[in-house]
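A short worksheet on the structure shown next.
Per chain, numbering begins at 1; letters A, B, ... match sequence-line order.
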Number of protein chains: 2
Amino acid sequence: MPPTTSPAIEDYLKTVYAHTEWQPDPITPKALADKLGVAPSSVTEMVKKMAAQGLVAHVPYGPLRLTDAGRERALAVVRRHRLIETWLVAEMGYGWDEVHDEAEVLEHTVSDRLLEAIDVRLGRPARDPHGDAIPSASGDVASEPFVLLSEAPAAHVGRVIRISDRDPAVLRELERRGIRPGVEIEVTDVESERVTLQASGEAGALTRETAAAIWVTA
Amino acid sequence: MPPTTSPAIEDYLKTVYAHTEWQPDPITPKALADKLGVAPSSVTEMVKKMAAQGLVAHVPYGPLRLTDAGRERALAVVRRHRLIETWLVAEMGYGWDEVHDEAEVLEHTVSDRLLEAIDVRLGRPARDPHGDAIPSASGDVASEPFVLLSEAPAAHVGRVIRISDRDPAVLRELERRGIRPGVEIEVTDVESERVTLQASGEAGALTRETAAAIWVTA
DNA sequence: CAGCAGGTTTCGGTGCGCCGAAATATTGCT
DNA sequence: AGCAATATTTCGGCGCACCGAAACCTGCTG
């Protein structure tokens, strides 16, 4: 178990971790392959390596779980990603819908020292522009009770905590509608594929899929 | 000749280009291998690929020259490297002897957009902290007549233009002696392996090798 | 409870960038 | 000119991360 955490393995760890933030049950190889845009056979192989390094626990034909060591590495990568995103928005003139790809690359190449300098410049922020918690250097993550907007009952009132940054188009759409971290939302109606709501004084509706990208306070 | 310029090829291009800044004659495969810390056989192979992409001109068993296309790519990489170095020093609290390795990595991963943002923030600087000219986005490079301090005759008086950033220890050494870009230097004596000089009012001596890392105005 | 549709793994294979050893070319020296 | 030192290339091979095809499990359905 040498500290040979390649960029590829970092991506795997990050993706497994990200899954646990949105879904309670462990991720399957197929889901991982889809999110990474990689063939299932590649996942099998890579997971074998990661298991050998003690980063994931995996029983053949079963799902996938991070070990403590794996979670620690994953959190370090997530920290990098989110700090870089925050920096791009705060200092480099990026919009919150434009930072994901750049951070995706830089998270693997920024040194610890540079990351620390960024963290200090930004005043050690706790959340990134999408509301995602930024793990501390020691691996602590701020957490707060939440519900997915797609799961919230009618009449639920909450503040937007975070919005998934996976789809820039969704971010632009939500921005246009005044939905961003910190905003109050009231769910007015829940249908099978639509959630109707009131945000920033404006009424509107979201598809269930879009609503699943949003955390609101419980 | 697809635009498949990998990080490895970028390093080769940059190194070949850097050589031409310090030496008039074209670089040999051996020298390139040494500077890159790579086996000679790797250079042969990589050069073949680069020649196939029209980036270098190479006759078997002969030296190595950049084509116009190769120079263009090399300048783009050099621009990245030097802008990043400048940024690290200007904004992120790095010393001029500490930026090389970080820039070495980031030059391959920073997007054009982010680079442009950095350039703008810094006010489109013309030289980096070591005095190296930063090529413009269109590939123009500022130049000024110079002599290597190792080649300067006794009694020569000039201003330090640039100092090679290859060896951090040399940079610290020079900094300690007050030798940095912009400083006036008078060569007081030239021996075979030593150059004696006066800089910032202080007398001192440098090995020929160290002096070969310094450009002064002609 | 047999069969089938899925997901998962195995297997052979690819491109990239690297290596060392061996073959070959060039150069400099006597 | 001849030879030895040195540079360059060729060759087989390696590790990484990926692929597709085929074999193999598992769980669900009929």
Knowing that exactly one of A/His81, A/Glu104, A/His19 qualifies, which makes a side chain to side chain donor-acceptor pair (under 3.5 Å) with A/Lys14?
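Exactly one option meets the side chain to side chain donor-acceptor pair (under 3.5 Å) with A/Lys14, and it is A/Glu104.
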
Side-chain ion pair, [X] and [Y], N-O less than 4.0 Å:
| X | Y | answer |
| --- | --- | --- |
| A/Arg73 | A/Glu10 | yes |
| A/Glu98 | B/Arg113 | yes |
| B/Glu116 | B/Arg124 | yes |

Distance-only, no hydrogens or angles: does the B/Arg79 side chain make a donor-acceptor pair with backbone N or O of B/Pro135 under 3.5 Å?
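Checked: pair present.
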
Within this structure, what is the [atom1]-to-[atom2] distance between [X] and [N], rounded to whole angstrom?
| X | N | atom1 | atom2 | answer |
| --- | --- | --- | --- | --- |
| A/His58 | C/dT8 | NE2 | P | 8 Å |
| A/Tyr61 | D/dC24 | OH | P | 9 Å |
| B/Leu36 | D/dT8 | CG | P | 14 Å |

Near DNA chain C, which residues from residues 18-34 of chain A have a heavy atom under 4.0 Å away?
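Within this stretch, A/Thr28, A/Pro29, A/Lys30 sit under 4.0 Å of the strand.
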
How many angstroms lie between atom OG1 of A/Thr210 and atom CG of A/Leu174, to the nearest 0.5 angstrom?
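That separation rounds to 7.0 Å.
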
Roughly how far, to the nearest 0.5 Å, is CH2 of B/Trp96 from CG of B/Leu88?
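Rounded to the nearest 0.5 Å, the CG-CH2 separation comes to 15.5 Å.
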
So which of B/Ile134, B/Leu115, B/Leu75, B/Ile118 actually passes side chain to side chain contact (heavy atoms under 4.5 Å, CB included) with B/Arg80?
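With B/Arg80 as partner, side chain to side chain contact (heavy atoms under 4.5 Å, CB included) holds for just one option, B/Leu115.
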
Take nucleotides 10-21 of chain C nucleotide by nucleotide from the 5' end and write B, S or -, depending on whether a protein heavy atom sits under 4.0 Å from the base, only from the sugar-phosphate, or from neither.
B-----SBBBB-

